[in-house]
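First up is the structure itself, then whatever we jot down about it.
Every chain is numbered from 1, with letters handed out A, B, ... down the list of sequences. A quick note: this is a predicted structure, and the numbers were derived from the prediction, not measured.
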Amino acid sequence: MSQEIDFKQIQKKWKKEWLDKKIFESSSDKRKKWFSNAAFPYVNAPLHIGHAFTYTRIDVITRFKRMQGYNAIFPFAFHATGEPIVGVAERLKKGDKNQIKILLDSGVSEKDIDKFKDPKYTARFWINQIKNDVQNLGIAIDWTRSFTTIDPEFNRFIEWQYRKLKDKGYVTKGTHPVIWCPSCESPTGDHDRLEGVGETPVEYIIFKFRLPSGEILPLATLRPETVYGVTNVWINPDIEYVITDVDKETWIMSKSCIEKLKNQLKSIKEKGTIKGEKLIGEKCINPVLENEVLILPARFVDEDNATGIVMSVPSHAPYDWIGLKDLFDLSTSKPEKLKEMNIDIEKLKEIKPIGLINLKGYSEHPAIDICNKMNIHSQLEKEKLDQATKQLYKKEFHMGILNEKCGEYKGMPVSEAKKNIIADFEKRGFISKIWEPSGKVICRCGTKCFVKILEDQWFLNFSDETWKEKARLCLRQMKIYPEQARKQFEDTIEWLQEKACARKSGLGTRLPWDQDWIVETLSDSVIYMAFYTIAQFMKEIEPGELNDEVFDYIFLGKEPKKTKLSKDLLEKMKKEFEYWYPFDIRGSAKELIPNHLTFCIFHHTAIWDDKCPNTFTVNGMLNIEGQKMSKSKGNFILLRDAIEKYGSDVVRIALMDSAEGMDDANWSEKDVFAWKNKLATIYRIFEQNYNKGTNEKTDMDIWLESRFQIHVKNITEALENMKNRSALTSFHAMLNDFQWYIKRTKDRSKSTVNNVLENMIKCLSPFAPFICEEIWHKIGKKNFISLEKWPEYDEKLIDKEILQQEDNFKKIYEDIKQVIKLSGKNNKLFLYVITDKELNYLKKSQDFFKSGLGFKQVEIFKSDDENKYDPENKAKRAKFGKPGIYIE
RNA sequence: GCAGGGGUAGCCAAGUGGUCAAAGGCGCAGGACUUAAGAUCCUGUCUCUUAGUGAGUUCCUGGGUUCGAAUCCCAGCCCCUGCACCA
């Protein structure tokens with residue numbers, strides 16, 4: 001047995017050799033090309049093994065394609081645009097202890113902490129770390145093509161991209177509601193929230209009811225269709241309302257509404273205040289029906305929600321019904337209280353709920369039904385009321401039909417009428433709008449958020465139907481691995497709408513036509529793969545020379561009018577681009593499907609007519625021992641630590657064996673060790689068997705070569721389809737067959753053994769390149785296995801008959817073992833077979849039964865030879881059509 | 001809530017109409033070899049039965065189609081992922 005293999009030493013040696021000999025760097029040539037790439041990392045942290053999972057998958061296919069004879073490259077770049085790196089700097093400047101700890105934990109030394117106040121330093125620092133990790137992992141990168149997204153050359157490229165998009169009309173200016181933190185003065189994304197993850201802006205309709213004095217009472221509702229059933233208006237008597245000029249009208253509304261409306265593009269001027277109770281008992285006019293309704297008190301009216309005034313539709317809103325019922329009760333029990341509040345009791349008693357919506361299974365007044373059913377009696381039963389409201393709104397929206405009280409909308413389903421009503425009333429000036437978060441949102445800074453309408457924002461107009469159609473067409477031409485993911489791409493193309501593509505802060509490229517804005521980070525990383533084809537020339541070029549004409553020439557073939565760059569250089573860049581593009585495969589984790597990868601399709605179709613990406617491949621999440629990897633759980637595994645502990649080959653192969661398709665992978669230490677041992681075994685197999693044996697071939701040599709062809713076919717097919725795990729399963733089978741061959745034969749053909757072993761190690765080399773390179777040289781080869789020719793499947797080398805015979809033999813062998821186990825005997829073995837062929841084949845293996853199973857005597861006969869049956873013994877049980885076994 | 005993917009033995013997972021009691025791996029149990037094991041090799045791993053066999057009960061749950069279903073159809077339950085100004 002050989003000593004422990006020094007994986008680390010082997011790794012170091014070949015990493016250096018590969019880099020020194022530049023074997024993974026390449027330019028255009030006569031060969032067919034293969035261009036791989038993977039989503040680049042964001043450079044604010046070291047890589048973890050989840051990154052390694054994605055990158056190794058792409059590395060395996062690239063190495064495989066290279067061995068198949070393709071001119072293959074896998075370039076790599078670094079993503080530095082956006083907020084996080086700037087965030088680190090800002091937190092450090094504030095002396096954030098947590099941030100310091102994060103850096104220290106990531107291996108930064110204490111004296112260097114201050115340097116991270118410069119975002120560019122942060123980027124550079126992590127780029128070096130990441131590059132080293134990627135090299136240690138054995139990812140075969142062409143480093144001459146690397147860049148970062150904050151390089152000035154790259155900025156020029158993005159400017160070109162955005163001018164192209166704008167010229168084509170795909171960039172539009174618009175206003176858009178966002179959840180806004182007034183303290184941070186920025187949009188509050190889901191990840192920025194203390195509370196309210198998933199809440200989005202929703203639009204309330206404001207009905208402008210008029211007071212006799214001319215002021216407007218803005219009644220906010222999510223159900224404008226119920227305006228036909230308004231019986232009264234609710235105002236909270238306890239709140240101080242404000243009288244405010246809103247645009248050209250005068251509104252009465254809650255105080256907190258002012259700030260919201262200011263942020264929603266309304267011009268606001270505060271004029272005075274009025275206590276809610278002062279308005280109780282007044283009348284106002286419903287602009288839609290032009291009828292008078294009473295203003296009544298209700299304490300469930302929330303000051304902070306919309307305008308702080310709501311309309312009452314007791315037939316369809318449980319709160320309204322209960323509120324009204326309370327007042328009815330009061331009018332008999334304590335009429336004087338109502339009088340105190342200036343409420344006309346006669347008028348109050350005249351109020352009757354107005355049913356508007358026919359709903360199967362309910363009466364004319366579904367809200368009353370549901371309150372009765374749920375036994376709700378008081379405004380204080382908030383939980384029950386909320387539940388009832390939610391339930392009823394949903395039912396009515398999906399199943400309700402408006403009745404004759406709703407004028408022209410009679411007979412329409414609620415879901416349809418709603419849209420029409422909003423559009424119609426807007427034209428007629430009855431309504432206004434206000435945005436609110438769909439639920440309470442608290443910013444990380446602790447401030448309550450509201451909705452702000454951002455003006456003059458830049459959007460990528462993914463709603464554009466011609467653009468969508470191009471994207472659909474492109475997707476149809478693409479290969480998606482696994483194919484199950486395609487549906488999600490299709491759906492994403494459909495629902496994608498205007499996407500804000502610029503922000504005010506962070507690192508990045510300024511919008512060329514509007515310097516206030518910086519291209520948002522998901523939007524500046526969608527066609528950068530094209531930049532890989534020319535990035536190696538950037539050291540020869542001043543960024544200033546990279547104008548649109550240059551890019552137009554390289555990427556679109558338009559002759560430049562004026563450029564300082566030499567014709568020769570331009571020519572070279574153009575040639576490289578045209579040779580490599582479009583790329584052949586791009587890989588990432590599956591969560592990038594609904595954003596990045598689909599954007600990538602859109603942008604490619606926008607810039608080029610004929611450069612639709614060829615293939616996307618996505619992978620699942622990587623779990624650690626069945627648990628989601630997270631820093632807080634303490635099961636976060638950095639790539640460099642994993643490499644240090646197990647070695648790169650083991651990390652790679654364990655990852656590739658952990659899952660395929662979109663399944664979530666699992667990193668389990670016992671599986672990792674199993675692979676470490678397996679690699680050691682393979683190493684030993686070479687030591688023990690390579691270059692040993694005679695020159696004569698037996699049936700078993702032909703069998704092994706035949707089996708080998710089948711495995712080569714399977715592994716090749718699996719790799720073509722990005723099925724890394726299946727490929728490794730076939731590799732296992734290959735290894736098992738070799739071991740069976742060793743067990744079965746004493747006399748082996750040297751040429752068979754060598755041939756099979758060489759091909760075996762080639763098949764393994766994309767997965768475990770270091771150890772394979774080592775073995776390859778150990779057996780005397782001078783060239784790199786990484787550049788060797790992939791074994792080719794040759795059907796002619798398969799001897800089906802011998803495969804069949806050996807299959808048969810294995811079955812008999814299994815049966816014999818079974819019988820030995822049940823009978824406990826292994827002295828004499830009698831085999832009865834059907835054909836001469838079987839007879840001959842088995843006779844060659846007589847010794848194997850003796851040595852392998854311990855029989856002293858082995859006799860093999862044809863079973864149609866009746867003489868060989870002993871009528872008294874159990875061998876009679878042997879059936880015709882199947883070989884029979886008898887053991888004593 | 002909307003959209004996509006999925007539920008197969010202790011665990012991971014292959015399997016899309018009969019050849020399926022269901023590959024492979026891990027784990028577990030027993031054995032061999034070792035001073036030793038995260039090494040290697042052999043055997044077993046739904047239940048009963050058995051000289052290499054036969055029978056019964058299984059592939060989330062409940063219905064259905066079929067001579068026949070893990071596989072097709074319908075309903076339900078559960079899990080994972082994404083949902084936009086965030087990388």
Side-chain angles (χ1 to χ4, degrees), chain A residues 1 4 39 41-42 44 79 81-85 87 176-179 186-192 197-198 200 390 394 438 454 457-460 462 482 484-492 494-504 506 520-523 525 589-596 599 618 620-621 623 626 628 657-666 668-674 676-678 680-681 684 725-726 728-730 732-733 736 739 743 811-825 852 873-875 877-879 882-888:
Chain A
M1 201 181 104
E4 186 78 359
Y42 193 80
N44 66 339
H79 196 196
T81 42
E83 309 269 2
I85 294 180
H176 199 68
V178 294
I179 306 268
S186 71
T188 312
D190 259 349
H191 52 283
D192 290 326
V197 170
T200 54
K390 210 172 156 188
K394 203 169 148 188
S438 54
L454 283 181
Q457 259 218 304
W458 293 102
F459 291 88
L460 288 166
F462 291 132
Q484 293 146 290
R486 183 179 296 277
K487 190 90 180 57
Q488 213 181 331
F489 280 103
E490 288 170 353
D491 287 345
T492 305
E494 296 317 313
W495 68 250
L496 220 48
Q497 296 169 18
E498 286 81 356
K499 159 93 175 78
C501 64
R503 296 180 59 91
K504 295 261 179 173
E520 179 269 333
T521 72
L522 267 180
S523 308
S525 60
K590 65 180 172 188
E591 49 267 44
L592 295 191
I593 296 172
N595 45 63
H596 168 80
F599 297 169
V618 293
M621 308 267 295
N623 292 330
K628 203 171 192 168
D657 195 34
S658 64
E660 69 186 15
M662 285 210 282
D663 295 336
D664 287 346
N666 188 37
S668 143
E669 193 159 55
K670 62 173 201 275
D671 293 341
V672 177
F673 276 121
K676 190 167 187 175
N677 296 330
K678 192 67 127 189
T681 302
R684 257 199 323 276
R725 196 177 206 256
S726 302
L728 284 171
T729 303
S730 292
H732 260 121
N736 287 345
Q739 284 173 323
K743 186 170 163 182
K811 272 183 208 142
I812 294 168
Y813 179 71
E814 288 303 316
D815 283 352
I816 293 169
K817 282 199 294 188
Q818 187 71 234
V819 176
I820 291 173
K821 199 189 145 216
L822 287 164
S823 67
K825 304 174 203 165
N873 73 37
K874 289 176 181 173
R877 294 170 60 130
K879 293 174 205 147
K882 263 188 177 180
I885 299 163
Y886 174 54
I887 288 176
E888 288 186 340

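If you take CZ of A:Arg503 and C1' of B:rA84, they are 12 Å apart, rounded to a whole angstrom. Rounded to whole Å, the distance from CZ on A:Phe599 to C1' on B:rC86 is 11 Å. As rounded to whole Å, 15 Å separates atom C1' of B:rC83 from atom CZ of A:Phe462. Rounded to an integer number of Å, the gap from CD of A:Gln457 to P of B:rA84 is 15 Å. One can place CG of A:Leu496 at 11 Å from C1' of B:rC83, the figure rounded to the nearest angstrom. Nucleotide B:rG24 holds its P atom 16 Å from the CD atom of A:Gln739, rounded to whole Å.
Annotation: B:rC80 and B:rA13 have their P atoms spaced 15 Å apart (nearest Å). The separation of B:rG76 from B:rA3, taken at their P atoms, amounts to 14 Å, rounded to a whole angstrom. To the nearest whole angstrom, the two C1' atoms, one in B:rU50 and one in B:rA32, are 27 Å apart. Taking the C1' atoms as reference points, B:rU35 lies 23 Å from B:rG30, given to the whole Å. The same atom, C1', is picked in B:rA22 and in B:rA69; the two are 13 Å apart, to the nearest Å. With both ends at atom C1', the span from B:rU19 to B:rG10 equals 29 Å, rounded to whole Å. Annotation: B:rA9 and B:rG4 have their P atoms spaced 27 Å apart (nearest Å). Look at the P atom in both B:rC11 and B:rC83: the space between them is 31 Å, to the nearest Å.
Contacts of A:Gln497 with the nucleic acid, taken as non-hydrogen atoms under 4.0 Å apart, include base atoms. Using a 4.0 Å heavy-atom cutoff across all strands shown, A:His176 reaches at least one base atom of the nucleic acid. Within 4.0 Å of A:Lys678, counting heavy atoms only, lies no atom of the nucleic acid at all. Contact annotation for A:Ile887: base contact, defined as any heavy-atom pair under 4.0 Å involving a base atom.
The pair A:Lys487-A:Asp491 counts as a salt bridge, with a side-chain nitrogen and a carboxylate oxygen less than 4.0 angstrom apart. Using a cut-off of 4.0 Å between Lys/Arg side-chain N and Asp/Glu carboxylate O, A:Lys590 and A:Asp664 are scored as salt-bridged.
Proximity of A:Thr729 to the phosphate of B:rG24: no side-chain N or O atom is located under 4.0 Å from OP1 or OP2.
Taking CD of A:Glu520 as the reference point, atom CD of A:Gln457 lies at 10.0 Å (rounded to 0.5 Å). Rounded to the nearest 0.5 Å, atoms NZ (A:Lys628) and CG (A:Asn623) are 8.0 Å apart. Here the CZ atom belonging to A:Phe462 is positioned 8.5 Å from the SG atom belonging to A:Cys501, to the nearest 0.5 angstrom. Of the inter-residue distances, the one linking A:Asn595 atom CG with A:Thr492 atom OG1 reads 8.5 Å to the nearest 0.5 angstrom.
Nucleotide B:rA29 forms a Watson-Crick or G-U wobble pair with B:rU43, both donor-acceptor distances falling under 3.5 Å. Pair assignment for B:rA13: none, as no Watson-Crick or G-U wobble contacts are both less than 3.5 Å.
Out of B:rA87, B:rG82, B:rU40, the shortest distance to the side chain of A:Leu522 is found at B:rA87.
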CA sep, side-chain torsions, deciding dist, call: A:Thr681, A:Gln739, side-chain contact (heavy atoms from CB on, under 4.5 Å): CA-CA 11 Å; A:Thr681 302; A:Gln739 284 173 323; 4.1 Å; yes
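Of the two residues near RNA chain B, A:Met621 and A:Val819, the one whose nearest nucleotide lies more 5' is A:Val819. Residue whose closest nucleotide on RNA chain B sits further toward the 5' end, between A:Leu592 and A:Lys676: A:Lys676.
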Sequence-aligned protein contact record of nucleotides 3-16 of chain B, with B where the base is within under 4.0 Å of a protein heavy atom and S where only the sugar-phosphate is: SSSS-----SSS--
Protein-nucleotides 42-46 of chain B N/O pairs closer than 3.5 Å?
{"unit_1": "B:rU43", "atom_1": "OP1", "unit_2": "A:Lys817", "atom_2": "NZ", "d": "2.2"}

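Residues that satisfy the salt bridge (Lys or Arg N to Asp or Glu O under 4.0 Å) test with A:Glu814, not counting sequence neighbours, are A:Lys817.
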